[in-house]
Amino acid sequence: MLYHDLVKVYQALESTTSRLEMADILADLFRSTDCAHIRKIVYMTQGTIVPDFYPEKLGMADKLYIRTLLAATGANEESVRKLWAQEGDLGTITEKVYENKRQTTLFSEPLTLDRVYDALLKVARSEGSGSQEYKTRYLADILHDAKPAEARYIARIVTGRMRLGVASQTVIDSLAQAFATKQDKAAVERAFNITSDLGLVGETLCQKGIAGLEEMHVRVGNPIRAMLAERLPSPEEILDRMGGQAMFEYKYDGLRVQAHIQDGKVTLYSRRLEDLTSQFPDVVKALKEAFTCSSAIIEGECVPVDINTGELLPFQEVSHRRGRKHGLTEAIEDYPVRIHLFDCLYLDGADMTDEPLPDRRTALTRCVKITEDVRFSEARVLDDPAKVQEFFIEALNAGCEGLMAKSLGDGSVYRAGSRGFLWIKYKKEYRSEMNDTVDLVAVGAFHGRGRRGGMYGALLMATYNEEEDRFETVSKLGSGFDDATLALLPERLDRYRLHDRHPLVESKMEADVWFEPALVLEVLGAEISLSPIHTCAHGRIRDGAGLAIRFPRFTGTFRDDKRPRDATTSQELYDMYNAQMKKVEG
Ligand code: AMP
């Protein structure tokens with residue numbers, strides 16, 4: 001197949017914005033194409049050369065592309081730069097450059113689809129030192145033989161900006177149209193949802209028809225598109241929708257991970273189907289140790305843990321890892337993560353996606369033994385709204401976003417790639433954002449772990465309750481200390497050290513070391529939430545709960561100008577919580 005034939009289709013696609021027309025154009029193309037070319041066409045039309053979960057990525061830097069264009073065409077650098085400033089779009093610039101040079105090319109061979117595809121694959125695969133030179137060479141080879149319109153699309157795809165506006169759904173429609181009937185669309189969708197590879201689906205359809213798709217199963221190595229949840233505002237509505245009973249799980253605030261395990265090899269995929277394996281070697285290792293079967297696909301949420309306070313940290317801490325090649329070891333040490341598993345989609349040869357949730361959960365417990373870093377999601381089967389609300393508060397206190405309710409009925413299958421009411425999230429806000437710093441009193445401390453071994457790892461902080469003249473705990477503070485400050489903490493604090501809790505300190509937590517309330521630190525938190533373990537304003541907003549400052553960070557300022565009774569009061573924190581909540585509700 002000539003690349004030119006594909007380019008004509010691209011031009012037709014660009015001349016319409018109608019999805020139906022786009023599907024017709026693509027269906028015509030697929031019908032008239034050899035099955036051996038379908039895969040490549042499907043990928044390239046979507047601006048890629050492989051499925052998203054493969055490592056090869058296009059996206060050559062603009063500057064490198066322009067350098068290659070200049071070398072391949074002998075165009076005048078000055079005029080190309082001017083054009084670039086005017087047009088912005090590299091495809092258009094390239095086409096213009098080619099139109100000007102048309103007459104001068106003497107020897108050129110027509111480009112085939114295979115040749116363009118192979119060159120793009122080589123460009124994507126060139127990595128490491130000297131890769132720029134290779135990328136340039138492979139690209140220049142096809143640019144040399146390109147016609148203006150062809151060069152336009154080569155420029156766009158190689159720089160990662162194909163932008164034909166062809167969504168996966170349009171390709172699915174067109175494949176069903178070309179090789180089956182409209183009614184078969186669901187089968188095409190299912191095949192895509194369980195393999196995440198539309199090229200493979202297209203090729204299979206072309207070769208074997210719809211029967212070929214029915215033979216396709218979940219397989220290790222192809223990420224399954226994630227099942228997603230709907231949202232409802234109250235436990236009553238959730239239970240109604242679920243037929244009176246459901247499994248409620250903590251909704252962790254982390255990074256969703258799908259782990260594919262076979263013969264001791266673990267591959268991790270994100271919700272967007274990127275390969276995360278190299279960013280989480282610790283999770284890979286932990287899963288290998290916890291896994292007891294031979295092959296499986298399991299899902300869970302990776303959550304960072306503060307080893308010094310034992311609290312789950314906000315998801316941003318995990319994102320320190322992403323895209324990071326250097327300093328990964330430090331990132332792993334500073335932000336260790338734990339995975340909470342919640343589903344099993346494949347186990348030892350059996351596709352579990354069509355099995356009801358209780359069976360999938362049983363499969364999960366069969367193939368994993370719990371360790372420090374590998375746990376199951378905290379789950380409870382409930383049918384009483386009041387119990388759900390209780391569990392919800394417990395989840396918030398544990399640092400979660402809320403709850404996930406999951407249907408337990410016969411039809412509670414894993415709906416890959418779709419959002420529905422088999423899973424319902426419950427995320428009502430019971431926390432309010434903090435914009436201002438507070439001044440808190442150190443009343444206790446916890447021994448450090450990991451890199452903080454032998455030092456204080458975290459401090460127990462309190463507000464001052466003026467009416468009762470006592471100090472009420474509000475937070476465990478472990479972040480924001482640089483190494484020097486940490487090392488000096490004992491010097492600052494040990495003179496206030498006590499054998500037992502100070503009588504004016506109200507605490508439900510057992511600190512390793514207690515202090516006389518004296519040292520005041522300035523702290524910035526992310527939010528104020530309800531918590532059963534802290535005593536600040538206890539019982540004033542909800543029975544059995546006090547206020548807590550979540551994700552507190554020392555600003556670096558010791559408020560030596562303040563005496564402990566000048567610290568932020570419990571009433572002030574209570575007012576801050578209410579003021580923010582009103583904004584959220586209003
Ligand atoms: P949302 O992103 O708000 O639509 O919520 C769905 C996300 O919640 C999923 O993609 C998971 O990353 C995450 N999640 C956290 N805990 C769970 C759980 N127990 N079950 C399913 N998903 C969970």
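Everything quoted here is computed from the prediction, not taken from an experiment. Both backbone and side-chain heavy atoms feed into the values below; hydrogens, waters and symmetry mates do not. First listed ligand is number 1; within each ligand, the first listed atom is number 1. Sequential numbering from 1 along the given sequence is applied to the chain's residues.
Counting only heavy atoms of the protein, atom 16 (N) of ligand 1 lies nearest to Tyr252 N, 3.0 Å. Counting protein heavy atoms only, atom 8 (O) of ligand 1 is closest to Lys251 NZ, 3.2 Å. When only non-hydrogen protein atoms are considered, atom 22 (N) of ligand 1 lies nearest to Met404 CE, 3.4 Å. With hydrogens left out, the protein atom closest to atom 14 (N) of ligand 1 is Glu301 OE1, 3.5 Å, a heavy atom. Regarding atom 7 (C) of ligand 1, its nearest protein heavy-atom neighbour is Arg271 NH1, 3.7 Å. In this structure, atom 9 (C) of ligand 1 lies nearest to the protein heavy atom Arg256 NH1, 3.3 Å. For atom 3 (O) of ligand 1, the nearest non-hydrogen atom of the protein is Lys425 NZ, 3.0 Å.
Between the CG atom of Asp354 and the CD1 atom of Ile194 there is a distance of 8.5 Å, given to the nearest 0.5 Å.
The environment of CZ in Arg449 is sparse: at most 12 heavy-atom neighbours from other residues, nucleotides or ligands sit within 6.0 Å.
Those atoms of ligand 1 that come under 4.0 Å of a heavy atom in Lys406, given as number and element, are 18 (C), 20 (N), 21 (C). Below 4.0 Å from some heavy atom of Trp423 lie the following atoms of ligand 1, by number and element: 21 (C). Taking a cut-off of under 4.0 Å to the non-hydrogen atoms of Arg419, the atoms of ligand 1 that pass are 4 (O). Annotation for ligand 1: atoms under 4.0 Å from non-hydrogen atoms of Glu249 are 18 (C), 19 (N), 20 (N). Listed by number with element, the atoms of ligand 1 under 4.0 angstrom from any heavy atom of Lys427 are 3 (O).
Within the structure, the side-chain hydrogen bond (donor to acceptor under 3.5 Å, both in side chains) test picks out the following pairs touching residues 406-420 (sequence neighbours left out): Glu249-Lys406, Arg256-Tyr414, Glu299-Tyr414.
No side-chain heavy atom of Ile298 sits under 4.5 Å from any side-chain heavy atom of Leu345. Side-chain contact check for Glu189 versus Gln169: some heavy-atom pair is nearer than 4.5 Å. Using a 4.5 Å heavy-atom threshold, the side chains of Leu205 and Ile210 count as touching. By the 4.5 Å heavy-atom criterion applied to side chains, Leu396 and Ser529 are not counted as neighbours.
Considering only residues two or more places apart in sequence or on other chains, Arg125 meets the salt bridge (charged side-chain N to carboxylate O under 4.0 Å, His left out) condition with Glu56.
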